[in-house]
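Keep in mind it's a predicted model, so treat the numbers as computed, not measured. Throughout, residue positions are numbered sequentially from 1 according to the sequence presented. Both backbone and side-chain heavy atoms feed into the values below; hydrogens, waters and symmetry mates do not.
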Amino acid sequence: MRWLIAAFLGSIVVTSVAQAEQTFPYKAYVASDEVYVRSGPGENYYPTDKLKEGQEVEIYRHDPGGWYAVRPPADSFSWVSGRYLQLDKDNLATVTEDGVAARVGSRFSNIRDVIQVRLQRGEVVEVLDAKRPDGLNAGPANTWYKIAPPSGEFRWVYGRFVASDYSP
């Protein structure tokens with residue numbers, strides 16, 4: 001019985017050391033079907049997308065509680081108020097003030113409560129689309145722009161749904 005306990009504790013230590021030595025970023029795969037990607041590290045954050053089993057993700061860090069920060073999946077986006085952007089050509093825009101909030105977007109709703117990154121004056125962002133309100137006063141100040149997720153912005157997946165050695 002002692003050898004069984006010692007073997008079990010030894011496997012925990014080896015696993016913990018292997019996880020501690022993980023080099024970021026690294027590629028892994030979704031190991032379950034229809035896994036939600038979230039705007040932050042927890043179930044209280046809104047979902048932004050769904051991943052299919054076998055889909056590759058790039059992991060940038062492991063957070064306490066078992067959540068993994070991943071590169072935003074293809075077709076992810078963020079929102080920026082038009083009052084802080086100067087539209088340029090070729091679907092680009094320049095940020096006009098410091099500390100402008102880039103809000104995490106969702107494919108499932110228009111919610112945009114989470115801010116992970118603040119943009120600085122002069123940064124250039126890629127504009128994907130615009131959401132203009134109906135009515136007469138639909139100028140830039142009342143327009144929200146979908147942009148490609150800025151550098152440093154993550155999405156989150158619960159770690160038990162991801163495997164680095166996954167094979168379908």
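For the atom pair CD (Gln55) and CG (Asp33), the distance works out to 10.0 Å, reported to the nearest 0.5 Å. The structure places OH of Tyr68 at 8.0 Å from CZ of Phe24, a figure rounded to the nearest 0.5 Å. In this structure, CG on Leu119 lies 12.0 Å from CD on Glu97, to the nearest 0.5 angstrom. Between Gln120 atom CD and Asp98 atom CG the span is 4.5 Å, to the nearest 0.5 Å. We find the CG-OG distance between Leu128 and Ser78 to be 9.0 Å, quoted to the nearest 0.5 Å. The line from CD1 of Ile59 to OG1 of Thr23 is 12.5 Å long, rounded to the nearest 0.5 Å.
Ion pairing between a basic and an acidic side chain is recognised when a charged N comes within 4.0 Å of a carboxylate O; Lys50 and Glu34 show such pairing. Under 4.0 Å is where a charged nitrogen must lie from a carboxylate oxygen, and between Lys131 and Asp129 no such pair does.
Contact annotation: the side chain of Ser164 approaches that of Tyr26 to within less than 4.5 Å [non-hydrogen atoms, C-beta and beyond]. You'll find the side chain of Tyr29 stays beyond 4.5 Å of the side chain of Val57, heavy atoms only.
Seen from the ring of Trp79, Arg103 does not count as a face-on cation partner, given the 6.0 Å and 45° thresholds.
Smallest separation of non-hydrogen atoms from Phe161 and Val35: CB-CG2, 3.8 Å.
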(request) For the pair Trp144 and Asn110, evaluate side-chain contact (heavy atoms from CB on, under 4.5 Å) and give the outcome as yes or no after the intermediate values. (result) CA-CA 11 Å; Trp144 283 88; Asn110 287 326; over 6 Å; no
(request) Verify side-chain contact (heavy atoms from CB on, under 4.5 Å) between Leu85 and Thr94, making sure each step is shown before the conclusion. (result) CA-CA 6 Å; Leu85 294 178; Thr94 302; over 6 Å; no
(message) Applying side-chain contact (heavy atoms from CB on, under 4.5 Å) to Val30 and Val157, what does each step give before you reach the verdict?
(response) CA-CA 9 Å; Val30 176; Val157 176; 5.8 Å; no
(request) Run the numbers on Asp75 and Phe77 for side-chain contact (heavy atoms from CB on, under 4.5 Å), then give the verdict. (result) CA-CA 6 Å; Asp75 299 326; Phe77 59 91; over 6 Å; no
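With sequence neighbours excluded, the residues that form a salt bridge (charged side-chain N to carboxylate O under 4.0 Å, His left out) with Glu58 are Arg71. Annotation: salt bridge (charged side-chain N to carboxylate O under 4.0 Å, His left out) contacts of Glu56 (sequence neighbours excluded): Lys27. By the salt bridge (charged side-chain N to carboxylate O under 4.0 Å, His left out) test, Glu153 pairs with Arg155, sequence neighbours left out.
For the ring pair (Phe, Tyr, Trp, His ring centres under 6.0 Å) criterion with Trp67, the lone passing option out of Trp156, Phe154, Tyr158, Tyr36 is Tyr158. Applying the side chain to side chain contact (heavy atoms under 4.5 Å, CB included) test between Asp49 and each of Ser39, Pro73, Pro72 identifies Pro73 as the sole match.
In this structure a side-chain-to-backbone donor-acceptor pair under 3.5 Å is present from Ser106 to Pro47.
The environment of Tyr45 atom OH is sparse: at most 12 non-hydrogen atoms of other residues, nucleotides or ligands sit within 6.0 angstrom.
Following chains of ILVMFWY side-chain contacts shorter than 4.5 Å, one cannot reach Phe108 starting from Val70, and the two form parts of different hydrophobic clusters. Put simply, Tyr84 and Val117 are part of the same group of oily side chains (I, L, V, M, F, W, Y) that touch within less than 4.5 Å, one to the next. Criterion: ILVMFWY side-chain heavy atoms under 4.5 Å apart, direct or through other members. Under it, Val127 and Leu92 are not part of a common hydrophobic cluster.
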